[in-house]
Structures are given as C-alpha cells and as structure tokens.
2 protein chains.
Amino acid sequence: MHIDGIDKIILKNLMEDARAPILSIAREVGISGAAIHQRLRKLEKSGLIVGSKFVVNPKVLGFKTLAFVGIFLDAASTYKEALKRLKEIDEVIESHYTTGNYAIFVKILCKDNEHLMQVLNKQIQGIKGVSRTETFISLDQQIDRQLKI
Amino acid sequence: MHIDGIDKIILKNLMEDARAPILSIAREVGISGAAIHQRLRKLEKSGLIVGSKFVVNPKVLGFKTLAFVGIFLDAASTYKEALKRLKEIDEVIESHYTTGNYAIFVKILCKDNEHLMQVLNKQIQGIKGVSRTETFISLDQQIDRQLKI
DNA sequence: AATGAAAACCCCTCTTT
DNA sequence: AAAGAGGGGTTTTCATT
C-alpha cells in the first residue's frame, strides 16, 4: 500500500479531528474537494482507514483507574473460551494474546481500585483456566497516540 | 457529571462514527438538531468529549508488530527525563507510570520483530536510567474498545 | 488522478418558547 | 432544555479532461 504526500496531509488532518471539513483540507493541499473524496474512498477501500470515533475522557464519568493485567492460563487450549468471557466484561477494553510470562494480557478501565478488585476477584479470576493474575496500575499516562504518518 | 439517555445515544453514535451527521442523530432521538448541538456543547464543556479521530490500521502500512515493554529504572527520579526521551520515539504509542514490577510500561508499534529489536536496543536501552526491559509481543489482539456508555 | 458544477444536505447560530 | 428558521457552507456524485 502506497500513500503519497497528499494522502498524508488528509490522514494527519482527520486523525487529529475526524470532523475536519473535507473542503478545508482540500484548500490546504490545493486540490478540489472531489479529489479528496476520491482519495478517501481509496484509503477506505485499502483498509488503511478503519473508521472514526469520538474520544471520551473516562475520568469525567468517574472511571479513574486504568490497569494492565497479565493472566496465566492452566492450559493454552482454554484461550478461546477465556477470551469469550473477557469480551463480556465491559471493563476489559483491550485483550492480547502475548509472548512472555503471560498467556493473556488485558487493559482494564475501572472507577476506582475497589472496582478493579471486584473485576479481578469476581470476574477475571472466575474464568475457567485462569490460574493467576498480575496487575499493574497506571498511575500516570503521558503518551497516547496513533501510528505516525 | 450526569448524562441522560439522550446524551448516551448521541455519544454512542459519535463514538462509533465521528462523522455521523448531527441531524440524523437528531431524527433518531426525536429532538431537533439545535438541541443536539446544545448537548454536544455541554458535553464538550464538561470535558467528557475530548476530540475525535480517524482510526487507521497500522498493518496496512506494514506495521505488524505490537508489543508491550516493561522498563526498569535505576532511580525513580529519572522518570521525567526518561519520559522526555520516550516521547521522541515515534514507535512508542503509549506510556504509563505503573505500580508493580516496572517503573514505566509502554506500548510499541513496529514494522516487524527486527524493527522492534532496533527500537529496544538502539533507543529504549539507550535512555539514561534504563537498566532492563521485559517485552511482551501481542500475537493476537481481539478486544479494542472504549468505555461502555 | 483531478476538475467543476449542481442538487441535496448539513452546520451552526440566533431568537423564542 | 428544546424548537424553528435561515444563511451559508459542505457533502457527494457525475460527466469530463
């Protein structure tokens, strides 16, 4: 997949502000709005553009504890089953099958530490095959960005 | 901060598709576009809505290796300095100061394992105060979502 | 790959309820 | 908190180059 300088300007703009008017980007790069449209269709068709989202700040709704949890499984064969359970837990916002110590590595968003403890004890630990977990609480997140175009 | 059912519908729509027309949301909830606008201004002023972004799929540009790296620091006092260096590394897309084993925990996006090795050896390990790192490569990410509204 | 034109639609604000 | 109206800009498509 090859993208040129104009594609980069389009992407940079929309990755920063998904509601940036196509026409204002058109004026910035010096081509017509129709051409930007055509390029956006191309970028969507290629799969590079996956979608767009509004970003919310969880803290404003009281979700102040972000944590990473490494999960040990009894047998690797239970991954699929465990994943199905994890998907049902709203607090789990990322899940990865990883190399290294853990079998599964998840990112969890909770209101506070007590809420996190509930999720760990009542939900995660209750999943069949989960033998042990290790938790890292994020005290300060200073970088949060996407691929640099 | 209190949000009602209408706010939730607005947020759910825009969190899924940041370019969803305000007027189509208005029709869905059965109030005027002006009212949606007013609510959006309120949600922005409260800080709940932080912004919007286009989401890109890094794999399409050849970035196929996602990894988490736990970083050990010699002395906690070097956190600020280390963070400054981390911000300069484009491949570092998240950075957290964490409880537990590590001092800093980062998420890294690379083209491949070789690229990851370069970033680890030539960039991360070169940061003053970094004594050791532990790497977890994500082989399969199956959950990636925001706070459930 | 880009253009200009055109119709439909939407954004946004203001005033009023 | 919401409605209605209105001007002006934007989206989107199409034929054309």
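Numbers restart at 1 for each chain; the letters A, B, ... are given by sequence-line order, proteins then strands.
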Subject >> Point-to-point distance, once rounded to the nearest 0.5 Å, from CD of A/E134 to CZ of A/F105 >> reply: 9.5 Å

**OP:** Kindly indicate, with the supporting measurements, whether the criterion salt bridge (Lys or Arg N to Asp or Glu O under 4.0 Å) is fulfilled by B/E91 and B/K107.
**Re:** CA-CA 8 Å; B/E91 288 87 350; B/K107 193 187 208 174; over 6 Å; no

Subject >> End axis versus end axis in the helix from C/dA1-D/dT17 to C/dT17-D/dA1, the angle rounded to 10°, five pairs used at each terminus >> reply: 40°

Original post:
How about B/T65 and B/N113: does a side-chain donor come under 3.5 Å of a side-chain acceptor?
Top reply: yes

Original post:
Starting at CG of A/D17 and ending at C1' of D/dT10, how long is that distance when rounded to a whole Å?
Top reply: 15 Å

**OP:** Take atom CD1 of B/I9 and atom C1' of D/dA2, then tell me their distance rounded to the nearest Å.
**Re:** 16 Å

Original post:
Which part of the nucleic acid does B/A35 contact within heavy-atom distance under 4.0 Å: base, sugar-phosphate only, or nothing?
Top reply: sugar-phosphate

**OP:** Give the rounded distance in Å between these two atoms: CD1 of B/I36 and P of D/dA1.
**Re:** 13 Å

Original post:
Do side-chain atoms of A/R19 reach the backbone of A/L14 as a donor and acceptor pair under 3.5 angstrom?
Top reply: no

Subject >> Value in whole Å for how far the C1' atom of D/dA1 lies from CD1 of B/I6 >> reply: 9 Å

**OP:** Can you check each nucleotide of nucleotides 10-17 of chain C against protein heavy atoms at under 4.0 Å and return B for base, S for sugar-phosphate only, - for none, in 5' to 3' order?
**Re:** SSBB----

Original post:
Once you round it to whole Å, what is the distance between C1' of D/dA1 and CG of B/L40?
Top reply: 14 Å

**OP:** Look up atom CD1 in B/I31 and atom CD1 in B/I10, then write down how far apart they are to the nearest 0.5 Å.
**Re:** 5.5 Å

Subject >> Candidate list B/H2, B/K12, B/K42, test side-chain hydrogen bond (donor to acceptor under 3.5 Å, both in side chains), partner B/D7, passing option >> reply: B/K42

Subject >> Whole-Å gap separating C1' (D/dA1) and NZ (B/K45) >> reply: 14 Å

Original post:
Does atom CD of B/E16 have more than 12 heavy-atom neighbours, drawn from other residues, nucleotides or ligands, at distances under 6.0 Å?
Top reply: no

Original post:
So, B/H96 versus A/Q142: side-chain donor-acceptor pair below 3.5 Å or not?
Top reply: no

